[in-house]
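We count ligands from 1, going down the list as the structure has it; atoms in each ligand are counted the same way. By convention here, the first residue in the shown sequence is residue 1. Computed from heavy atoms alone, side chains included, the values below leave out hydrogens, waters and symmetry copies. Keep in mind the model is a prediction, meaning the values are calculated, not measured.
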Amino acid sequence: MAVFLHHDDLPDGIDFGASVAIDTETMGLNPLRDRLCLVQLSSGDGDAHLVKIGLPAKPSPRLAALLADPSVTKLFHFARFDLASLMHGIGPVSGPVYCTKIASKLCRTYTDRHGLKDLCSELIGVEISKQQQSSDWGAAELSKAQQDYAASDVLHLHRLRERLDVMLEREGRTTMAQSCFEFLATRAGMDLAGFDELDIFHH
Ligand code: MN
């Protein structure tokens, strides 16, 4: 396993394959207020690529092209937030989306523990630390602990997806999950448009 830190954009020539795991770190939980600081990516091969977004942010044409590539599936844990951060901070996101948190909520109805740490522990026996979660991602230099933490958020999503897909199929919720995934980009766009607190499906 290796963690690669890049500045402003991905280097030329990295192929993440048909599905790329993506996570973001920001200055906070409001994508309109809190700037995007880091984008983590992995093809599921055990390596993670971290793209540090500078201040002011410079263009990220290769990262933007990957996000916009309709042939590449994007795997997230809590895609709603990452999609909004990426759409606001980098550009449009196209292609199929998969969210391990949505998948978990639809098939692991025996628990309310749908955090990445919980999924990794139960489904693949991997213990990850959340200690750096609320650290200063806007810092000029990211510590080794921050880089390792950031990487751990994308390294396991491919294996989690495999396990969750089996459970979704077993419980007869594959189609329901697929429809939810397809709505996620719209949901993220609605968050950015000011509908973040409104559940339009609620009475
Ligand atoms: Mn993260």
> Going by an N to O cut-off under 4.0 Å, is there a salt bridge joining D8 and K52?
Replying inline: no
> Which N/O/S atom belongs to D153 and is the closest one to the Mn ion (ligand 1)?
Replying inline: OD2
>> For N/O/S atoms only: which one belongs to E25 and is nearest the Mn ion (ligand 1)?
In response: OE2
> What N/O/S atom of D23 is the closest to the Mn ion (ligand 1)?
Replying inline: OD2
>> If the test is side-chain hydrogen bond (donor to acceptor under 3.5 Å, both in side chains), which one of Q133, K130, H77, Q40 qualifies with D153?
In response: K130
> Heavy atoms, side chains only, cut-off 4.5 Å: are L116 and L160 in contact?
Replying inline: yes
> Charged N to carboxylate O below 4.0 Å: is that the case for E122 and R108?
Replying inline: yes
